[in-house]
Structures are given as C-alpha cells and as structure tokens.
Amino acid sequence: MHQFVRRIRPSNFSSSSGDPNGGPKYYGWSVKRAVINYSSPTSAGAECIDPDCTWVEQWVHRAGPREKIYFKPEEVKAAIVTCGGLCPGLNDVIRHIVITLEIYGVKKIVGIPYGYRGFSVEIVREKLSRKVVQNVHLSGGSLLGVSRGGPSVSDIVDSMEERGINMLFVLGGNGTHAGANAIHNECRKRRLKLAVVGVPKTIDNDILLMDKTFGFDTAVEAAQRAINSAYIEAHSAYHGIGIVKLMGRSSGFIAMHASLASGQIDICLVPEVPFNLHGPHGVLRHLKYLLETKGSAVVCVAEGAGQVSYTNSF
Ligand SMILES: Nc1ncnc2c1ncn2[C@@H]1O[C@H](COP(=O)(O)OP(=O)(O)O)[C@@H](O)[C@H]1O
Ligand SMILES: O=P(O)(O)OC[C@H]1O[C@](O)(COP(=O)(O)O)[C@@H](O)[C@@H]1O
C-alpha cells in the first residue's frame with residue numbers, strides 16, 4: 001500500500017491577499033490524498049480504499065508570473081548552477097531561466113561552472129545572456145558542466161556574498177536540493193536577502209504535484225527506439241520474446257508511458273505494482289499464453305520492478 005496524492009484541483013482558496021506572492025485566485029490549489037491499494041482484485045491499477053479522502057492544506061504554489069515581485073530587477077545578480085548527474089533538458093532549463101530573467105529586466109546573470117565546485121575561487125564564472133544561451137537547448141549535457149562534491153556550505157555563501165549574488169537557481173537531484181536547503185538556512189542565519197530557487201532534476205518524473213519533470217519526455221521518446229527494435233526481433237523469431245529494461249529504480253513512469261506510447265508492449269512491469277513470476281496468475285503463465293496465441297511477446301521492465309519479491313531476478 002502506498003500513500004499518494006490522488007487528485008489535484010483548484011480549491012476555494014479565494015483571495016489574492018491570502019497568497020503571499022500576490023497570485024490571482026486560480027493559483028490556490030489543494031490536493032486530495034488517498035491511500036491507494038494497487039493490484040486490488042476489483043481494479044486493474046488503483047483503488048481508493050481510504051473512505052475519508054481528506055483534503056490536504058495548500059503547501060505549494062503553482063509556478064508562474066506574479067502581480068508583485070520582491071526584488072528590483074536592476075538590483076538582481078542571478079547565478080545558475082547544475083549539480084549531480086546529467087539529465088536531458090538541463091540546457092533548455094538554463095536557457096529559459098536566462099531568457100525569463102532578461103524579460104524581467106535582470107542584466108547580471110552568471111553561470112557557476114561544474115556544480116557547487118564552481119563556487120571555489122579559482123574557477124571562472126561565465127556571464128550568461130540570451131545571446132549566449134540562444135541555441136543551447138539543441139545540445140545535450142549542461143552548458144555549465146556538472147560535478148559532485150565542492151566547498152562547504154559556509155564557503156559557498158561566502159563566495160556569493162563576495163560576488164553580490166542575491167538569487168541562486170539550483171538544478172539538481174536530492175543531494176543538490178539538500179545542499180540548496182543548507183545554503184538557504186545559512187543565508188537566513190546571516191540575514192541575507194538571497195533567494196534560493198530549486199529546480200528538481202529527475203528523469204523519473206516521480207515528484208508529487210509537479211506536472212512533469214524535465215527530461216522525462218526525452219527518456220520516454222528515446223525508449224521508443226529500443227521497444228521497436230525489441231518488437232521487430234521478437235516478432236520475426238519463432239516464439240520470440242523481447243525484453244526492454246528501462247530506468248526507474250523506484251518508479252515506473254518511464255516504463256509505463258513508453259509502453260503505452262509504443263503500442264508494442266504486451267507486459268509492463270513497474271516497481272509500484274507487485275507481481276508473481278510463477279503460479280496461475282504469474283507473469284510466466286501469461287507469457288506462455290501470449291506465445292501460444294500471438295506467437296511472440298514484448299516485455300517492458302522498469303529497473304526496480306519486483307525488487308520486493310525478487311532480489312536476484314532482474
Ligand atoms: N546534505 C547535503 N548538504 C550540502 N550539500 C550536499 C548535501 N548532499 C549533497 N550535497 C551536494 O550536492 C551536490 C550533488 O549531490 P549528488 O547527491 O551527487 O547529486 P543529486 O543532486 O543528483 O542527488 C554535490 O555537490 C554534493 O556535495
Ligand atoms: O545506477 P544509478 O547511477 O544510481 O542510476 C540509476 C537510477 O537513477 C535514476 O535514473 C533516477 O535518477 P534521477 O532521479 O537523478 O534522474 C533511476 O531511474 C535509476 O534507477
């Protein structure tokens with residue numbers, strides 16, 4: 001059983017004065033949380049078994065323009081840093097941050113090279129502008145470079161103070177955001193007027209309330225080629241079986257979306273749904289049935305599928 005946010009809807013949150021960012025009425029959102037029991041006998045996927053299905057207090061704001069902004073654009077010196085591993089779309093995000101800042105009238109924007117390491121004195125920072133980032137979304141990787149490790153949080157904040165940086169955009173995963181949170185806390189301790197903005201980077205698209213994390217679509221699209229190859233192989237062979245393993249240690253969104261989009265997958269296994277390999281309702285029995293009826297089968301497996309039951313199977 002898993003706790004999931006099941007439904008999101010505009011709430012009755014009604015006044016823009018209630019929104020500290022001055023957002024219009026429709027920025028008030030609340031979520032309905034339910035206990036979802038996967039693989040129930042009455043449902044192919046999910047069934048709500050929580051009779052109360054309570055509404056959760058609003059704790060996030062939908063991103064977007066606001067009526068009032070805190071910083072005067074001419075006083076902003078913004079920095080962008082990309083940490084951790086690579087993910088498709090990093091350059092696209094960098095590009096849009098730069099272009100949006102410029103639209104707001106911000107003129108001083110710098111790129112921090114090679115993750116938090118770039119806050120060390122010896123690494124040169126790159127000045128960013130629309131001209132610099134114009135075509136970066138057409139290339140993979142990160143224009144700024146990435147790395148793991150780096151100076152202490154206190155040194156990072158020292159470095160930002162010395163350079164007059166008062167807005168930091170951090171692109172990365174769990175570790176990067178733990179770092180961003182530590183930087184934010186250090187800034188509060190020093191009473192600095194410095195905004196830290198985290199942009200979650202996960203190819204898995206498994207962050208609650210986010211419409212979609214960047215890189216996810218690219219992963220699903222790239223998976224189509226592998227699925228199609230597996231399909232052709234399996235379909236051409238006598239009783240052929242194709243198996244495609246996709247990313248997703250703890251979530252099966254890539255595998256599920258890629259399977260649905262392809263129309264070529266017979267069985268999709270994801271970590272969220274427990275299954276048996278053997279037995280009358282097992283995967284192997286269904287595979288045998290597919291070979292007997294269709295002549296071939298293609299299976300899509302998310303990396304973490306079955307990890308609870310089968311530690312050595314995949
Ligand atoms: N708890 C933490 N406090 C401060 N910085 C952290 C923390 N955890 C990770 N970091 C820093 O965040 C960066 C990226 O973290 P990492 O775990 O490698 O990647 P990811 O962000 O993809 O999870 C590294 O530079 C690391 O030093
Ligand atoms: O083997 P590694 O390097 O730990 O990474 C594999 C795992 O990382 C993920 O890609 C998730 O990483 P991100 O959330 O950082 O994109 C999982 O889907 C995958 O299972």
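Note that this is a predicted model, so its numbers are computed, not measured. Both counts, for ligands and for their atoms, begin at 1 and track the order of listing.
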Just so I know, are the side chains of [X] and [Y] near enough to count as touching, which here means a heavy-atom distance under 4.5 Å?
| X | Y | result |
| --- | --- | --- |
| L284 | H278 | yes |
| R130 | I109 | no |
| I203 | T213 | no |
| S296 | H239 | no |
| H235 | Q264 | no |

Among all protein heavy atoms, pick the one closest to [atom] and tell me residue, atom and distance.
| atom | result |
| --- | --- |
| atom 21 (O) of ligand 1 | T176 OG1, 2.4 Å |
| atom 4 (C) of ligand 1 | G179 CA, 3.4 Å |
| atom 16 (O) of ligand 2 | I203 N, 2.8 Å |
| atom 10 (O) of ligand 2 | M247 CE, 2.9 Å |
| atom 19 (O) of ligand 1 | R148 NH1, 3.1 Å |
| atom 15 (O) of ligand 2 | K201 NZ, 3.9 Å |

Report, in ascending order of atom number, the atoms of ligand 1 lying under 4.0 Å from any heavy atom of [X].
| X | value |
| --- | --- |
| G84 | 14 (C), 19 (O), 22 (O) |
| G175 | 6 (C), 7 (C), 8 (N), 9 (C), 10 (N), 11 (C), 12 (O), 15 (O), 17 (O), 20 (P), 21 (O), 23 (O) |
| A178 | 1 (N), 2 (C), 7 (C) |
| G173 | 20 (P), 21 (O), 22 (O), 23 (O) |

S159 side chain to R163 side chain, donor-acceptor N/O pair below 3.5 angstrom:
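R163 and S159 do have a side-chain donor-acceptor pair below 3.5 Å.
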| request: Answer yes or no for K201: is there a heavy-atom contact with ligand 1 below 4.0 Å? | output: yes
Are any of the heavy atoms in G149 under 4.0 Å away from ligand 1?
-> yes
Is it the case that the side chain of [X] and the backbone of [Y] share a donor-acceptor pair, with hydrogens and angles ignored and the cut-off at 3.5 Å?
| X | Y | value |
| --- | --- | --- |
| E303 | G252 | no |
| E75 | F71 | no |
| T82 | V170 | no |

- Near E161 CD, under 6.0 Å, is it more than 12 heavy atoms from other residues, nucleotides or ligands? yes
More than 12 heavy atoms from other groups under 6.0 Å of OH on Y70: no
(message) Does the residue G248 have a heavy-atom contact with ligand 2, meaning some pair of atoms that are separated by less than 4.0 Å?
(response)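 The answer is yes, since G248 has a heavy atom less than 4.0 Å from ligand 2.
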- So is there a nitrogen or oxygen of Y116 less than 3.5 Å from a nitrogen or oxygen in ligand 1?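 Between Y116 and ligand 1 (N or O atoms, distance only) the closest approach is not under 3.5 Å.
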Item to check | Close N or O approach (H177, ligand 1; < 3.5 Å) | outcome: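 In fact, backbone or side chain, H177 has no N or O that close.
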Contact region, R249 to ligand 2, non-hydrogen atoms below 4.0 Å, reads both
| said: Judged on heavy-atom distance to atom 14 (O) of ligand 2, which of T202, L86, D204 sits nearest? | reply: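 Going through T202, L86, D204 one by one, T202 has the nearest heavy atom to atom 14 (O) of ligand 2.
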message: Less than 6.0 angstrom separating the ring centers of H257 and F216, yes or no?
response: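 Close enough - the centres of the two rings lie under 6.0 Å apart.
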Any non-hydrogen protein atom less than 4.0 Å away from atom 8 (O) of ligand 2:
no
- Item | Heavy-atom protein neighbour under 4.0 angstrom from atom 20 (O) of ligand 2 |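 Under the 4.0 Å cut-off, atom 20 (O) of ligand 2 does have protein heavy-atom neighbours.
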